[in-house]
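Values reported hereafter were calculated over all heavy atoms of this structure, with side chains retained and with hydrogens, waters and symmetry mates removed.
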Amino acid sequence: VQLQASGGGLVQAGGSLRLACAASGRWLSIDTMGWYRQAPGKQRELVAAISSGGTTTYVDSVKGRFTLSRDNTENTVYLQMNALKPEDTAVYYCNGRFRRSVGYGYEYTTAWGQGTLVTVSS
């Protein structure tokens, strides 16, 4: 399974960006997909995730500003980021948990996309 992330860049505070993460490969089903971020000197944190059932989860600091959506036909998730703040500056990583066939059973595997830099200037 491979994840291809896109959409980072430089934006002024208050602006918007949309990140995309496209999954490719072979799997039985997608368990969850989402985005993490890591700011300089800080630990990686979960920003938003969407379950197979469509339930979304957001870190408190982005609630009301970020929206995670999924296009099942394209196996892609989108993170719409509005009202960006300088503290949103970070490298954003796409993440996915997939159920794959193994022998006569299955296993769960986690994939990471390459990071995409989001810089919000004040």
*Go through the structure and list residues passing side-chain hydrogen bond (donor to acceptor under 3.5 Å, both in side chains) with D31, not counting sequence neighbours.*
R97
*Report the distance from atom CG of L10 to atom CG of L117, rounding to the nearest 0.5 Å.*
9.0 Å
_Taking transitive links into account, so neighbours of neighbours count too, which hydrophobic residues share a cluster with V102 at under 4.5 Å side-chain distance?_
none
*Does the side chain of M81 come within less than 4.5 Å of S16's, by heavy atoms?*
no
*May I have all residue pairs that pass salt bridge (charged side-chain N to carboxylate O under 4.0 Å, His left out) and include part of residues 5-25, sequence neighbours excluded?*
none
*Got a second to check how far L79's CG is from T56's OG1, nearest 0.5 Å?*
11.0 Å
*Do side-chain atoms of T116 reach the backbone of G8 as a donor and acceptor pair under 3.5 angstrom?*
yes
*asked:* Test of understanding: clusters of I, L, V, M, F, W, Y form through side-chain heavy atoms closer than 4.5 Å, transitively. Do Y36 and Y58 belong to the same one?
replied: no
Pairs under 3.5 angstrom only: tabulate donor-acceptor contacts from the side chains of residues 105-115 to other protein residues two or more places apart or in another chain.
residue : atom : partner : partner atom : Å
Q114    : OE1  : A5      : N            : 3.3
Q114    : NE2  : A5      : O            : 2.7

*side chain to side chain contact (heavy atoms under 4.5 Å, CB included) with S6: which residues, sequence neighbours excluded?*
A20
*asked:* Show the nearest heavy-atom pair for residues L17 and G7, with the distance to one decimal.
replied: CD2-O, 4.0 Å
*Distance from S101 atom OG to L28 atom CG, nearest 0.5 Å?*
5.5 Å
*Taking the side chain as every heavy atom from C-beta outward, state whether T32 and I50 have any atom pair closer than 4.5 Å.*
no
*With K42, which residues qualify under side-chain hydrogen bond (donor to acceptor under 3.5 Å, both in side chains), at least two apart?*
none
*Does R70 reach the side chain of L68, with side-chain heavy atoms less than 4.5 Å apart?*
no
*Given the rule in the side-chain contact (heavy atoms from CB on, under 4.5 Å) test, do W35 and V77 qualify, once you have shown the distances and angles that lead to the verdict?*
CA-CA 9 Å; W35 291 90; V77 292; 4.0 Å; yes
*Gap separating the CD atom of Q80 from the CG atom of L19, nearest 0.5 angstrom*: 9.0 Å
Which pairs would a plain distance check flag for residues 83-96, meaning a side-chain donor or acceptor within less than 3.5 Å of a matching protein atom at least two apart in sequence or in another chain?
residue : atom : partner : partner atom : Å
D88     : OD1  : R37     : NH1          : 3.0
D88     : OD1  : R65     : NH2          : 3.0
D88     : OD2  : R65     : NH1          : 2.7
D88     : OD2  : R65     : NH2          : 3.4
D88     : OD2  : K85     : N            : 2.8
T89     : OG1  : P86     : O            : 2.9
T89     : OG1  : V120    : N            : 2.9
T89     : OG1  : V120    : O            : 3.4
Y92     : OH   : R37     : NH1          : 2.9
Y92     : OH   : D88     : O            : 2.7

*Straight-line distance of N72 CG to I30 CD1, nearest 0.5 Å*: 7.5 Å
_Per the ring pair (Phe, Tyr, Trp, His ring centres under 6.0 Å) rule, what does the pair list look like for residues 10-29, sequence neighbours excluded?_
W27-F98
_Pairs satisfying disulfide (SG to SG under 2.5 Å), at least one member in residues 47-86, at least two apart_ = none
*Partner set under side-chain hydrogen bond (donor to acceptor under 3.5 Å, both in side chains) for S69, not counting sequence neighbours*: none
*How many angstroms lie between CE in M33 and OG in S51, if you round to the nearest 0.5 Å?*
12.5 Å
*Name all residues meeting the side-chain hydrogen bond (donor to acceptor under 3.5 Å, both in side chains) criterion together with T73; count only those two or more places apart in sequence or in a different chain, and write none if there are none.*
D71
*Tell me the disulfide (SG to SG under 2.5 Å) pairs involving residues 48-78, sequence neighbours left out?*
none
*Is it true that a side-chain atom of S61 and a backbone atom of V59 form a donor plus acceptor pair closer than 3.5 Å?*
no
